[in-house]
Each structure stands twice: as C-alpha cells, then as structure tokens.
4 protein chains.
Amino acid sequence: MQELSKSEIKRNALIKATISLVINNGFHAAPMSKIAKMASVSPGTIYLYFENKQDLINKVYLEIKTAFATHAFANYDATLNVQEGFRNIWFQIADYKLMQIEEAMFLSHCDNTPMIDEDSKKEGIKHLQPLLDLWKRGQEEGVIKNCCPYILYAYTVYPLAFLMNAKQKKDITINEEYIQNAFLLAWDSIKQ
Amino acid sequence: MQELSKSEIKRNALIKATISLVINNGFHAAPMSKIAKMASVSPGTIYLYFENKQDLINKVYLEIKTAFATHAFANYDATLNVQEGFRNIWFQIADYKLMQIEEAMFLSHCDNTPMIDEDSKKEGIKHLQPLLDLWKRGQEEGVIKNCCPYILYAYTVYPLAFLMNAKQKKDITINEEYIQNAFLLAWDSIKQ
Amino acid sequence: MQELSKSEIKRNALIKATISLVINNGFHAAPMSKIAKMASVSPGTIYLYFENKQDLINKVYLEIKTAFATHAFANYDATLNVQEGFRNIWFQIADYKLMQIEEAMFLSHCDNTPMIDEDSKKEGIKHLQPLLDLWKRGQEEGVIKNCCPYILYAYTVYPLAFLMNAKQKKDITINEEYIQNAFLLAWDSIKQ
Amino acid sequence: MQELSKSEIKRNALIKATISLVINNGFHAAPMSKIAKMASVSPGTIYLYFENKQDLINKVYLEIKTAFATHAFANYDATLNVQEGFRNIWFQIADYKLMQIEEAMFLSHCDNTPMIDEDSKKEGIKHLQPLLDLWKRGQEEGVIKNCCPYILYAYTVYPLAFLMNAKQKKDITINEEYIQNAFLLAWDSIKQ
DNA sequence: TATGAATGAGCGTTCATTCAT
DNA sequence: AATGAATGAACGCTCATTCAT
C-alpha cells in the first residue's frame with residue numbers, strides 16, 4: 001500500500017472527525033473547533049483543506065458516496081444474469097451499510113436533510129449507473145417489474161438505511177440469516 | 001368545525017412555521033427568530049407556548065406523528081382480512097406521505113437525525129401498534145413472511161419516504177397508477 | 001388594629017415578595033414576574049402600585065428604613081443620659097437587625113450596592129437624626145470621642161450588619177450574652 | 001518589573017473593566033458586552049479567558065482577595081507584640097481599603113450580595129489566617145477581649161468598608177488624622 | 001504550511017413593560 | 001382595579017471564519 005503524505009493524513013483525519021461528530025449529534029453539534037480538535041489540528045488548518053464548512057461537508061459526502069459505490073460494484077461482473085448480478089450488488093451494499101456503519105449513517109443523514117448542496121447530491125447519484133443499467137436489462141428480459149428506478153431503489157436499497165438505523169439503536173441484531181431474509185424481500189419486491 | 005381561539009391560531013402558526021423552516025433548511029437553520037417572524041409573532045411569544053426550542057421540536061414531532069397515525073388508521077377495520085387490511089393502511093399512509101408532504105418530510109427529518117429526544121421518538125412509535133398487530137395476525141395465518149416487524153416496516157412504509165423526497169425534488173411525478181405500482185412492490189415484498 | 005384595604009394587602013404582599021426574592025438571590029434574580037407570582041398578583045398589577053422596578057425597590061427601601069428607624073427609637077427617651085440613651089437605641093437596632101432578619105438583610109444589600117437611587121438613600125438616612133443628636137450631646141459632655149458621625153456609625157451600628165450576615169450563613173449563633181458582648185465593643189469603641 | 005504578555009494585558013483589562021462596571025452599577029448592570037467594550041475587546045474574547053460570567057466574577061473576586069491579603073500582611077512580623085502587630089495589619093488594611101478603592105468596593109459588593117459562589121467566598125476567607133492567629137495570641141495574653149473572631153472582625157476591619165463607601169460618595173474626606181482616629185476606635189473596641 | 005487568538009454576527013432565552021380586555 | 005398575553009430589546013454565549021505570526 002502507498003504511503004500517505006502528511007497532508008493526506010490530516011485531510012483524512014478531518015473527514016473521519018466530521019463523520020463521527022455529525023452522526024452522533026447532528027450537523028448543528030459538529031462545530032469546526034471540535035472537528036479540528038478531534039483531528040488534532042488547529043481550526044485554521046481546516047481552511048487550508050476546505051473552503052468552508054459547507055464545502056467540507058460536501059466533500060465528505062462525495063468521497064463517502066464514491067467509496068460506497070466502489071464497494072457496491074467491487075465484485076460485480078456485467079456478464080452475470082440479472083438475478084445473480086442484483087444479488088451480487090445488493091449484498092455488497094448491505095455489507096457496506098451494515099459494516100461501515102459510520103459512513104453509511106453519514107450518507108443517510110445527508111440524504112434525509114438539506115445538509116448537502118443539491119448539486120453534490122446529484123453528483124453522488126451518478127455512481128450508481130451500473131445498478132440502473134442492470135435493472136434496465138432486467139426489465140427488457142422481463143424478470144424485473146416495469147417500474148421507474150426510483151421505485152426499485154426505494155424497495156431494495158433504501159430499506160437498508162432503516163435497518164442500519166435500527167441496528168445502530170440496538171433495536172435489532174443482524175446476522176447472516178437476517179440479511180438473507182432482507183434480500184429475499186428486496187428481490188420479491190422487484191421481480192416480475 | 002369549531003372556531004379556533006387566538007391562542008390556538010398562534011400555536012398552529014408556530015408549528016407550521018417550524019415545519020416549513022426545518023424541512024427547507026434543517027434544524028440548525030431554523031432559528032427561533034425566523035420561526036417567530038414567519039408566524040408573525042415576537043420571539044418572546046414562542047416561550048409562552050413552548051418551554052424552549054427542543055420542546056417546540058418535540059411537540060411538533062409528537063403532534064404530527066399522532067395526526068399521521070390517526071390518518072393511517074382512519075379507515076381501518078380490524079375485521080378485514082390481512083391483505084385488505086394492509087392495503088387499507090398502506091394506502092392511507094401513502095396518501096399522507098405524498099399529500100401532507102410538509103408534515104411527512106418533517107417526520108422523515110426527525111427520524112433520520114438526532115433532532116428529537118429518544119424519549120419522544122419512543123412515544124411516537126406507539127401509535128403504529130394496529131399495523132404491528134395486523135402483521136402478527138398475517139404471520140399466524142401464513143400470508144406474511146416470518147420477519148421481524150422492522151424488516152416489514154423497512155420494505156413497506158419506509159420506501160414511501162424515499163418516493164416522497166423524490167417527489168419533493170420533482171425527480172418523479174406521482175399519480176394513481178404510480179401508487180398502485182408502489183403498493184404492489186410493498187405487498188410482493190412481505191407476502192408469503 | 002386597623003383593617004387593611006384590599007389594596008394595602010396587595011401592596012404589602014408585593015413588598016414582602018420583593019424583599020424575599022432580593023435577599024435570597026440578589027437584584028438580578030428578582031424578576032417582576034416572580035415578584036408578582038409570589039404576591040399572587042398579575043405582573044401588570046405591580047404597575048398600578050409602583051411606577052417601575054426601580055421605583056418598587058426604592059419604595060421598599062424607604063419603607064423598611066422607616067420601620068427600622070421607628071423600631072430603633074421606639075423606647076428612646078431623650079432625657080436619658082448619653083450612655084443609657086445609646087444603650088437603649090443600640091439594643092433596639094440590634095434587635096431589629098438580628099430578629100427582622102429579612103428586612104435587615106435587604107437594607108444591607110441596598111446600602112452596599114447601587115440598587116437604590118442616591119436620592120432615596122439620602123432620604124433614608126434622615127431617620128437617624130435622634131442618634132446623631134445623642135452623639136453630639138455625648139461629645140459636648142465629653143463622654144463620646146470627638147469623631148464625625150460616620151466613624152461613630154461605622155463602629156457601632158455597621159458591625160451589626162456583619163454579624164447579621166454571619167448569623168444568616170449559620171457561621172455564628174447569637175444569644176443574649178453574645179449581644180451584650182457586642183454592645184460592650186460598640187461602647188468601648190466610641191466612649192471617651 | 002517584568003513585561004506583561006499581550007494575553008496578560010487583555011486579561012487585566014477585562015478584570016479592571018469588570019470591577020469598574022460592577023461597583024458603579026451592580027452585577028446586573030455589568031453585561032458582558034459592556035465589559036468587553038470597556039476592555040477594548042470583542043465579547044467572544046472574554047470566553048477565551050474565563051469560562052462564563054460567573055467564573056469571571058469569581059476569579060476577579062479571588063484575585064482581589066489575594067492581593068488584599070498580600071497587602072494586609074506585607075509588613076507584618078509575627079514577632080511584634082500584639083498591639084503593634086494589630087496596628088501594623090490594620091493600617092495596611094485601611095491603606096488598601098481607602099487607597100485601592102475600586103478593588104475594595106468590589107470586595108464589599110461581593111461580600112454583601114449573592115454574586116459569588118459560596119465556595120469562592122470560603123476560599124477567599126482563608127487568606128486572613130495570620131490576623132486570626134494574632135487575635136488568638138492576644139486573647140491568651142489577656143490584651144484582647146475574649147470574643148469570637150467574627151465580632152473582632154466586625155468591629156475592626158468591617159467598619160472600614162463603611163468609611164470607604166462614605167469616602168466614595170464624597171460624604172467624608174479622609175486624611176492621616178482621620179485614619180489614626182479610626183484606628184483608635186478599632187483598638188479601644190477590642191482591647192481588654 | 002500551520003497555528004490559535006481574536007472576531008462579531010447571530011443564536012436561544014429572559015424579562016421589564018404595555019395594553020386590550 | 002386587575003389581568004396576563006404579548007412585546008422586543010438586551011442578555012449570556014457560541015462558533016464559522018480570519019489573519020498576524
């Protein structure tokens with residue numbers, strides 16, 4: 001693995017600190033001074049890496065969204081049949097949401113509040129193109145319901161955010177069987 | 001309909017203003033001074049109706065949650081069979097989420113951020129009991145998958161929040177057929 | 001004793017409430033609303049009896065000061081010799097300061113802070129004239145030191161405020177012997 | 001004398017401003033904004049040096065009390081006989097109270113109102129130990145009356161607060177002879 | 001690059017005072 | 001005479017941002 005420069009280390013520390021503070025107390029309880037302290041950096045230093053607080057939040061969002069998409073499609077092979085392809089992606093997404101819980105919580109926060117510029121949100125969505133392509137193929141092959149992708153997303157990926165929150169609050173415990181179950185509902189939902 | 005007293009009118013105006021500001025800009029961008037201005041009231045007046053900002057937010061949350069539950073079960077008849085009962089509730093919920101969009105967005109905000117006391121959240125959940133009872137009956141009758149209610153909720157009600165957000169951003173347009181479609185996915189998801 | 005009119009009862013209740021709140025928490029923790037509540041009166045009503053908060057405080061001060069002076073000279077007989085006359089007044093003052101502790105504490109507060117208009121303070125001092133006259137006579141007779149009355153007051157009456165505070169804080173307990181002792185110091189201090 | 005750092009200069013300016021405003025208008029009329037302005041500093045800056053308003057007041061109190069005690073015992077020599085020792089301390093105290101008038105007025109304010117935490121008051125009292133020790137010795141030698149130290153303090157040190165207030169209001173003018181006189185009353189008061 | 005003291009606008013909240021009833 | 005809801009200026013305090021070092 002490549003060495004990280006001092007700059008990169010600091011930048012990463014700031015991002016980690018931002019995520020941690022925002023998910024635990026919300027945007028309004030994540031002051032720049034605390035972010036700085038948690039990243040072992042002076043408040044002024046943040047402004048060497050980010051234009052301002054909004055920019056920091058936007059950048060954190062985009063980087064996580066990118067990492068999320070990378071993870072989602074890490075094993076994906078476009079030659080798989082539709083169900084196998086979907087299973088493949090869905091389990092990677094579930095794995096991310098339920099294991100990289102801090103990052104996933106941050107995304108959930110952002111997607112449900114006006115924390116993030118609408119522009120950055122649009123930017124972030126682009127990364128999901130392979131999933132949209134797969135669904136389109138599935139619909140052409142008649143194995144997936146003929147719904148717009150928003151509905152398909154709402155009933156397959158979005159529910160994971162709810163389960164993630166419930167897990168975080170210790171309302172539920174998640175194991176292998178639990179996830180298999182959840183996948184079944186996702187697939188039954190959209191399959192033709 | 002009964003006349004509202006001056007007090008009730010003011011209280012309602014404050015609640016409306018709070019909802020409107022929070023969903024458009026988030027908790028941290030809904031200062032008491034703006035809430036007051038939007039409700040055509042002096043800042044000090046808010047404190048005649050609510051103890052402090054947190055209390056205001058909690059009360060708004062609980063009142064909306066109650067109204068939401070009332071709406072959800074307004075037509076519900078416990079003698080209906082499971083599928084009909086579920087359809088009945090689901091459509092009422094969909095109606096609320098997609099028509100009372102401001103209130104529904106507010107609930108979504110609250111459920112995805114630490115804006116609300118955990119106590120108030122717990123309080124708010126109680127209202128959904130009839131739906132949980134229905135699911136239990138469905139499972140006993142073998143018509144609904146044997147999942148914990150969190151999963152059932154995640155795949156039937158929670159997706160509506162996503163569609164609501166998409167509608168709000170004008171990414172999608174929702175009509176009768178669209179909702180019928182969405183219901184189909186919800187039911188296919190949880191049915192045995 | 002004469003019946004009090006409703007007005008007088010309310011006015012007295014307001015004065016009592018003011019004293020009680022000021023001595024327990026200071027001027028800045030005695031809001032008009034609390035004074036009103038403690039006097040079982042509406043905030044607006046205060047302004048029927050007093051012009052504003054400053055006027056209320058001034059009036060309370062003057063009335064207590066008058067009651068204090070009345071008590072101080074209640075038994076005084078100008079035909080007594082100087083030492084007896086002084087003893088007479090001093091014990092009455094001590095009695096007031098150590099028994100009417102709320103009122104005395106209020107006076108102490110006022111005399112050591114800028115709560116009260118300088119005019120009202122000047123007004124309040126006038127009531128002590130008989131004591132000043134006695135001292136003058138004592139000086140003419142050569143039984144009291146030839147000091148200005150400020151010094152005489154500082155070494156005879158003012159020390160009682162300190163003892164009163166100490167008693168209030170339960171640092172000391174005061175009994176008959178204690179007071180006799182205190183008088184001895186007062187007299188030794190000013191006697192020729 | 002050592003140079004003061006910029007920080008120390010600001011801190012001192014804040015303390016001076018606090019004293020000045022409190023003694024002229026009382027605690028409730030010494031808002032942080034005025035303190036800041038008088039110290040030529042922004043309101044936010046106060047909070048770099050003090051935790052909050054109460055902490056500012058407490059710290060000012062304790063620092064003045066310490067300076068006062070230092071002054072009081074600056075010339076004191078425990079080998080002096082009781083009367084000489086007492087004279088020594090008393091004159092130093094008088095010098096402080098009548099010359100460092102702002103600081104002394106501040107202490108008087110604090111000691112007569114609930115401005116200060118009871119803890120800080122207790123802390124502040126400790127500094128007077130040498131005077132208490134001297135009085136004890138005086139009592140053992142039979143030169144000082146057998147009273148509790150509260151009484152001795154009330155008749156020797158406390159009267160100076162009254163004279164200080166009178167001087168401040170220009171009711172009296174104080175010169176060397178005046179102080180010599182005052183000392184005589186103090187000593188006559190407590191001597192056996 | 002990096003710092004952190006300093007800023008000052010803006011926050012949530014209080015409270016002396018008013019006025020329609 | 002009496003109320004108490006309503007006001008809004010002013011409070012204590014926070015925090016995103018700047019800038020001299």
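Letters A, B, ... mirror the listed sequences (proteins, then strands); counts begin at 1.
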First encountered from the 5' end of DNA chain F, between P31(A) and I46(C):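 So the residue in question is I46(C).
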Residue met sooner reading DNA chain F from 5', once Q54(D) and S42(B) are mapped to nucleotides: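 By nearest-heavy-atom nucleotide position, the 5'-most residue is S42(B).
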Between [N] atom [atom2] and [X] atom [atom1], what is the distance in whole Å?
X	N	atom1	atom2	value
E51(B)	dT14(E)	CD	P	10 Å
L56(C)	dC15(E)	CG	C1'	14 Å
M32(A)	dG4(E)	CE	C1'	14 Å
M115(B)	dG12(E)	CE	C1'	16 Å
L21(C)	dA16(E)	CG	C1'	15 Å
E8(A)	dA2(E)	CD	P	12 Å
F27(B)	dC11(E)	CZ	P	13 Å

Residue pair [X] / [Y], side-chain heavy-atom distance below 4.5 Å:
X	Y	value
H127(C)	T70(C)	no
L56(C)	N52(C)	no
D117(A)	K121(A)	no
S120(C)	K59(C)	no

Between [options], spot the one nearest the side chain of [X], thanks.
X	options	answer
N52(B)	dT1(E), dT13(E), dG4(E)	dT13(E)
Y47(B)	dT3(E), dT13(E), dG8(E)	dT13(E)
L48(A)	dT7(E), dT1(E), dT14(E)	dT1(E)

Closest-nucleotide 5' rank along DNA chain E - winner of T45(B) and P43(A): P43(A)
Heavy atoms under 4.0 Å, any strand shown: does [X] hit a base, just sugar-phosphate, or nothing?
X	value
S7(D)	nothing
K10(A)	sugar-phosphate
K6(C)	nothing
F50(D)	nothing

Bracket string, DNA chain F, 5' to 3' - pairs by Watson-Crick or G-U geometry under 3.5 Å, | interstrand: .||||||||||||||||||||
Residues that E51(D) engages under side-chain hydrogen bond (donor to acceptor under 3.5 Å, both in side chains), provided they are two or more places apart: none
Shortest non-hydrogen separation from K65(D) to D111(D) and the atoms involved: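 For K65(D) versus D111(D), the nearest heavy atoms are NZ-OD2, 3.4 Å.
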Considering all heavy atoms, the nearest D55(A)-F50(A) contact: OD2-CA, 3.5 Å
S33(C) side-chain N/O to dC15(E) phosphate OP1/OP2 under 4.0 Å: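 The answer is no; no side-chain N or O of S33(C) sits under 4.0 Å from OP1 or OP2.
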Please table the atom pairs, donor to acceptor, closer than 3.5 Å between any side-chain atom in residues 17-45 of chain D and protein atoms at least two apart or in another chain.
{"from": "T18(D)", "atom 1": "OG1", "to": "L14(D)", "atom 2": "O", "distance (Å)": "2.7"}
{"from": "N24(D)", "atom 1": "ND2", "to": "S20(D)", "atom 2": "O", "distance (Å)": "2.8"}
{"from": "S42(D)", "atom 1": "OG", "to": "G44(D)", "atom 2": "N", "distance (Å)": "3.3"}
{"from": "T45(D)", "atom 1": "OG1", "to": "S42(D)", "atom 2": "O", "distance (Å)": "3.4"}

Salt bridge (charged side-chain N to carboxylate O under 4.0 Å, His left out) contacts touching residues 5-24 of chain A (sequence neighbours left out):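 Residue pairs passing salt bridge (charged side-chain N to carboxylate O under 4.0 Å, His left out), neighbours aside: R11(A)-E63(A), K16(A)-E103(A).
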Any residue meeting ring-ring contact (aromatic ring centres under 6.0 Å, His included) with Y47(C), in chain and number order, not counting sequence neighbours: none
First-last contacting nucleotides on DNA chain F - partner chain B, under 4.0 angstrom, heavy atom: dA5(F) to dG8(F)
